[in-house]
Amino acid sequence: MSRIVQKFGGSSVADADSIKRVAKRIVATRQAGHDVVVVISAMGDTTDELMDLALRVSPRPAPRELDMLLTAGERMSAALLAMAIADLGMTARSFTGSQAGVITTANHGNARIIDITPGRIVSALEEGDVVIVAGFQGVSQDTRDVTTIGRGGSDTTAVALAASLAADHCEIYSDVDGVFTADPRIVPKARHLTEISYEEMLELAACGSKILHLRCVEYARRERIPVHVRSAFTTREGTWVTDLRDDGTERPVIAGVAHDVGEAKITIVGVPDRVGEAARIFQEISSIDVSIDMIVQNVSAVATERTDISFTLPKTDSRAAVEALTGIQQEVDFADLLYDDQIGKVSIVGAGMRSHPGVSATFFAALAEAGINLEMISTSGIRISVVIDDQDVPRAVRAAHTAFGLDADQEATVYAGTGR
Ligand code: ASP
Ligand code: MG
């Protein structure tokens, strides 16, 4: 008998009927003799709706109260699921994140899981219950307040629980058959992957692929938890995210194409070309806890001895960043600040890049042929990213996908969800 953690996303529990369907699936796993711990997301678009509601009540809701509100979404679906399982003749018990022993930092809206003390879960399992845990939430060690761990965070709850319960693996159920070479909503001929390495999955998640939460992949890699990403709507095998050690099989150079339209670009114009200016600017940004992504500094003009620095950051942080930079404009003595949120980032990711030359040439040629202008470029060992006009993103993703021979013969199925 093994211990399995199953996580179901919001689109798999969008209404009463789907909750009952998920309950059947959980019961079947339990009847097969496994200990089952389920992590559940809020129903459908509940989290977005609660967020909209909060903003209608108050333009800047207090982060503590926002977390109290948002965690209610997962609490609802957890309780409903436990009821549905009970009706199928099995005992189930739901827990909030706090009751389940998910201990986090105090950073509301984006707290980090520091520890899990799963005492109550273990006793419930020993008593033969199916355990349901509300995802995406915990309790702060310092303040004892309820926290959330970032949008999409239930994936991370699931992997963290799998690690602390020494589960065999973690199953993440969503509305597609697993990980694809691109978002099937944009590339209908995206190809299904039967397996992918932690390393590549980490880059894809960091570059905007929404299939798995970034911290979930970090956690899984650190704790060596195999993750099976699969559809809640079929029984098909999904994608295994694992170590994927080099076993001699030839793998494609590019594992996938990711895109992100959640970033904005800030350009600081006319920064004096002196030692320490970049440090001063980025210290200011880091002091307000904003993490930036790509940075580009131009060669300074000889005549003026000034240069421009551009960087990208999450749109949601850009107001704070602009305010902070405006505050140091006189001190640094830069000329102007430009802000652009009509940008998108497209990235190709693949461990094969390390040993195959010409990948960037193929990528850029495909984008050029599609008539797409590049605003910024950045690379890591296994990734190349470009920043382009946001209108061009779908075309760019499709062009890259075709150029690397990733198009499948069949169209991928998206079973549910609004992709919101
Ligand atoms: N319900 C939360 C969200 O929509 C967490 C999750 O689904 O993982 O972001
Ligand atoms: Mg998700």
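We count ligands from 1, going down the list as the structure has it; atoms in each ligand are counted the same way. Note that the structure is a prediction, hence the values are computed from the model and not measured.
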If we only count heavy atoms from C-beta on, is the V131 to F95 side-chain gap below 4.5 Å? yes
E203/S347 under side-chain hydrogen bond (donor to acceptor under 3.5 Å, both in side chains): CA gap, chis, key distance, verdict: CA-CA 9 Å; E203 287 276 5; S347 310; over 6 Å; no
Taking only residues two or more places apart in sequence, or in another chain, which ones meet F311 in a ring-ring contact (aromatic ring centres under 6.0 Å, His included)? F282
Trace of the side-chain hydrogen bond (donor to acceptor under 3.5 Å, both in side chains) decision for S58 with R60: CA-CA 6 Å; S58 157; R60 277 189 186 220; over 6 Å; no
Under 3.5 Å between some N or O of ligand 1 and some N or O of G150? no
Considering both backbone and side-chain atoms of T47, is one of its nitrogen or oxygen atoms within less than 3.5 Å of a nitrogen or oxygen in ligand 1? yes
Heavy-atom gap G73 to ligand 1 smaller than 4.0 Å: no
Please identify which atoms of ligand 1 are closer than 4.0 Å to at least one heavy atom of R151. 3 (C), 4 (O), 9 (O)
If you measure from each non-hydrogen atom of E74 to ligand 1, which part falls under 4.0 Å: side chain, backbone, both or neither? side chain
Quick one: do S140 and D145 satisfy side-chain hydrogen bond (donor to acceptor under 3.5 Å, both in side chains)? Show the steps, please. CA-CA 5 Å; S140 156; D145 280 329; over 6 Å; no
side-chain hydrogen bond (donor to acceptor under 3.5 Å, both in side chains) assessment of T29 paired with H34: CA-CA 6 Å; T29 311; H34 305 293; over 6 Å; no
Heavy-atom contacts with S41 under 4.0 Å: which atoms of ligand 1 show up? List them by number with element. 6 (C), 7 (O), 8 (O)
Counting from 1, what ligand 1 atoms have a heavy atom of F136 closer than 4.0 Å? 2 (C), 5 (C)
Compute the minimum heavy-atom distance from G152 to ligand 1 and say whether it is under 4.0 Å. yes
